[in-house]
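Reckoned from all heavy atoms, side chains included, excluding hydrogens, waters and symmetry mates. Residues take their numbers from the sequence shown, with the count starting at 1.
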Amino acid sequence: LSGKKVVSGMQALAKLYAKTEDVRALWCLQIRRLRKIVSDLNVKLDEDQRARASISLVKETGRMAESKTPTGTGMNRQALNKDLRRICIADPEASLYQFDLEGADNWTVAAECARLGDNTMLEDLKAGLKPAKILSLIMHIGADLVQGMTRDEIKSSLKEHTKEMPKWIYPACKAGVHGSSYGAGWKVMIETVLKHSLHTLPLELASASPLTLKKKDVEALQKAFFSRWQGVKLWQAQIEKALLNRGWLDTGVGHRRLFQGRKAEWRQGVKQANNDTLKKALSSMPQFFTTYFTKLALFNLWFDQENVR
C-alpha cells in the first residue's frame, strides 16, 4: 500500500522483498515478468503485416520515447526484452541495430568536473576505464592502494582481482556511480541494486539471488566515489546554486530547461535546493547531451551520401 493506493510495480515489490524477504514477493515479480513477455509477444500488426511505433520527444531533455501507435498496433521496441528482439525482422537488404548507451552520461559528468579543475574521471574514461570498474577495485582492495596506481596499473589489477570480487560489488558500484552523481540517497541505491538483481528471475525461484545491500555498504561506496572523483561535489554545488538563483539550466547548444514547482526549502535554518528538484537538475544535462549527440549521429547518417537512395 502507498498511502491509500494499492501498488504492485517492480519497485514496490522489490522494496517489499527487501523489508520482509517474503518469497511471495518473488512469486509476484516472476508473474509480472512472465506477463510482460506474453504482452511483448502479443503484438498487433497493421493490415500490411508490419509493426510500427509512435515516437515522441520528452520535452525536458529531448529524449525519444516510443509507444504503440494511436490505433493500438505495434510495440515499444525500446523496452523489448533482449531475448525477444529476434521477433523484429528487418526488411530485405536492411538491418536493425540496438546500441546500449549505458554509462554514456558519465562523459558529461566527467567533462563538467574537468571544467571545474578535476579531470580524473575524464582521463579515466579516455583510458577505457569505467568508473564503476575502478570503484569496484577500490571497494575490493582499498582506496589507498588504488590511489597510488597509474591507469595501466589499475587495468592490470582489475584483470587480477575481478574474478575474486564478491558478486554484489559491480552491480552496487554501477548503481553507486549513477546514484552518487545524481544525488540519490542510500535507501534509493539499495532499492536500485535489489530491483536490478530481480529483473531476470530464474524459473526456479529457489535459485534466485537477490542482492540486498546494507546502509554501511552504500555509505562506504559513496565515500570512495567522492574521494576519487572530487570534482563531482563541485559540479553538484554549481547546479544547486543555479537552481536556487535562476531556476533553469542552459546547455552550450541553446537548450534551456526551466524547472517548475518547488526549487528551495529551509533545512536547519539553511536555504537549500529541494531534493527532488535537485536530482532532476543533476541528471538533466547528462541526459540532454547523450540524447543530443545520439540524434546528431543519426542526422549525419541520414544525410550521408552513402545512405541516400
Side-chain angles (χ1 to χ4, degrees), residues 82 98-184 186 188-200 202 208-236 282-283 286-287 289-290 293-294:
K82 288 184 179 180
Q98 188 271 338
F99 295 96
D100 187 355
L101 294 177
E102 187 177 356
D105 292 359
N106 288 334
W107 284 91
T108 299
V109 176
E112 292 287 357
C113 291
R115 181 175 60 83
L116 295 169
D118 177 18
N119 66 349
T120 308
M121 187 183 291
L122 188 59
E123 293 303 319
D124 289 339
L125 290 168
K126 285 181 178 180
L129 287 164
K130 295 180 179 180
K133 288 283 188 181
I134 298 175
L135 193 56
S136 298
L137 187 64
I138 292 172
M139 295 296 292
H140 186 58
I141 67 173
D144 291 339
L145 284 175
V146 176
Q147 199 68 28
M149 291 181 179
T150 65
R151 289 179 175 84
D152 286 337
E153 288 171 339
I154 290 175
K155 288 180 181 179
S156 299
S157 188
L158 279 168
K159 287 181 181 179
E160 179 185 349
H161 292 289
T162 295
K163 289 184 178 179
E164 66 192 44
M165 291 181 185
K167 64 181 181 179
W168 65 268
I169 281 189
Y170 186 64
C173 289
K174 281 180 69 175
V177 170
H178 185 272
S180 299
S181 295
Y182 302 151
W186 63 271
V188 172
M189 289 173 60
I190 287 174
E191 291 164 8
T192 300
V193 172
L194 177 61
K195 184 179 76 171
H196 284 296
S197 72
L198 296 173
H199 192 67
T200 52
S209 53
L211 296 176
T212 307
L213 301 182
K214 304 297 183 185
K215 180 182 177 183
K216 62 180 179 65
D217 297 326
V218 178
E219 289 178 337
L221 190 153
Q222 289 192 308
K223 181 180 178 182
F225 175 85
F226 289 116
S227 175
R228 180 170 181 85
W229 298 291
Q230 297 177 20
V232 176
K233 283 283 190 184
L234 299 175
W235 168 67
Q236 289 175 340
L282 290 171
S283 64
Q287 287 179 4
F289 278 112
T290 298
F293 287 111
T294 301

Asks: Given side-chain contact (heavy atoms from CB on, under 4.5 Å), test Leu282 with Val109 step by step and report yes or no.
Replies: CA-CA 9 Å; Leu282 290 171; Val109 176; over 6 Å; no

Asks: Please check if the side chain of Thr290 supplies one atom and the backbone of Pro286 the other of a donor-acceptor pair under 3.5 Å.
Replies: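 Pair found, side chain donor or acceptor close to backbone of Pro286.
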
Asks: Got a second to check how far Ile138's CD1 is from Ser227's OG, nearest 0.5 Å?
Replies: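 Output value for this atom pair is 7.0 Å.
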
Asks: For a quick test of reading the model, state the closest non-hydrogen atom pair linking Ser181 to Val232 and the distance between them.
Replies: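 Heavy-atom minimum between the residues: CA-CG1, 4.2 Å.
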
Asks: When rounded to the nearest 0.5 angstrom, what is the spacing between NZ in Lys130 and OG in Ser136?
Replies: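 If we round to the nearest 0.5 Å, Lys130:NZ and Ser136:OG are 10.5 Å apart.
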
Asks: Roughly how far apart are Ser180 OG and Lys223 NZ, rounded to 0.5 Å?
Replies: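 If we round to the nearest 0.5 Å, Ser180:OG and Lys223:NZ are 14.0 Å apart.
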
Asks: To the nearest 0.5 Å, tell me how far Asn106 CG sits from Leu122 CG.
Replies: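 Atom-to-atom, Asn106:CG and Leu122:CG are 11.0 Å apart.
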
Asks: Measuring only between side-chain heavy atoms, which start at C-beta, is Ile169 closer than 4.5 Å to Pro166?
Replies: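 Heavy-atom side-chain distance check passes, below 4.5 Å.
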
Asks: For residues Thr120 and Arg228, report the shortest heavy-atom separation together with the two atoms involved.
Replies: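 That would be CG2-O, 3.9 Å.
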
Asks: Hey, does Trp186 have a side-chain heavy atom less than 4.5 Å from the side chain of Glu191?
Replies: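 Answer no - side chains too far apart.
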
Asks: Looking at side-chain heavy atoms only, is the closest gap between Cys113 and Gln230 below 4.5 Å?
Replies: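 Cys113 does not reach Gln230 side chain to side chain.
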
Asks: How long is the span from the CG atom in Leu234 to the CZ atom in Arg115, to the nearest 0.5 Å?
Replies: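 So the gap between those two atoms works out to 10.5 Å.
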
Asks: Classify the side-chain pair Asp152/Thr150 by whether it contains a donor and acceptor separated by less than 3.5 Å.
Replies: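 Thr150 and Asp152 do not have a side-chain donor-acceptor pair below 3.5 Å.
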
Asks: Check whether any side-chain heavy atom of Glu164 sits under 4.5 Å from a side-chain heavy atom of His140, and report yes or no.
Replies: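 Yes, at least one pair of side-chain atoms sits under 4.5 Å.
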
Asks: Who pairs with Trp229 by ring-ring contact (aromatic ring centres under 6.0 Å, His included), at least two apart in sequence or on another chain?
Replies: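 Expected list: Phe225.
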
Asks: Closest heavy-atom contact between Gln222 and Ala184?
Replies: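 Result for this residue pair: NE2-O, 3.3 Å.
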
Asks: Looking at Ala127, is its backbone amide N or carbonyl O close enough to the side chain of Lys155 to form a donor-acceptor pair, meaning the two atoms are under 3.5 Å apart?
Replies: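 Here the side-chain-to-backbone pair exists.
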
Asks: What pair of heavy atoms forms the shortest contact from Trp107 to Lys126, and how long is it?
Replies: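 It is CH2-N, 3.9 Å.
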
Asks: Taking side chain as C-beta onward, heavy atoms only, is Asp105 less than 4.5 Å from Tyr182?
Replies: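 Contact flag for Asp105/Tyr182 side chains = yes.
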
Asks: Looking at CG of Leu135 and CE of Met139, how far apart are the two atoms once the value is rounded to the nearest 0.5 Å?
Replies: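 Rounded to the nearest 0.5 Å, the CG-CE separation comes to 6.5 Å.
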
Asks: Considering all heavy atoms of both residues, which atom of Leu213 and which atom of Ala172 are nearest to each other, and what is their separation?
Replies: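 Taking Leu213 first and Ala172 second, the nearest heavy atoms are CD1-CB, 3.6 Å.
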
Asks: Are any of the side-chain heavy atoms of Leu137 and Met165 separated by less than 4.5 Å?
Replies: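 Leu137 reaches Met165 side chain to side chain.
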
Asks: Taking all heavy atoms of Gly176 and all of Met189, pick out the closest pair and write down the distance.
Replies: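 Distance-wise, the nearest heavy atoms are CA-CE, 3.2 Å.
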
Asks: Give the intermediate values and the outcome of side-chain contact (heavy atoms from CB on, under 4.5 Å) for residues Met149 and Ile141.
Replies: CA-CA 12 Å; Met149 291 181 179; Ile141 67 173; 3.8 Å; yes

Asks: How about Asp118 and Trp235: do any of their side-chain heavy atoms sit closer than 4.5 Å?
Replies: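 Not touching, per the 4.5 Å side-chain cut-off.
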
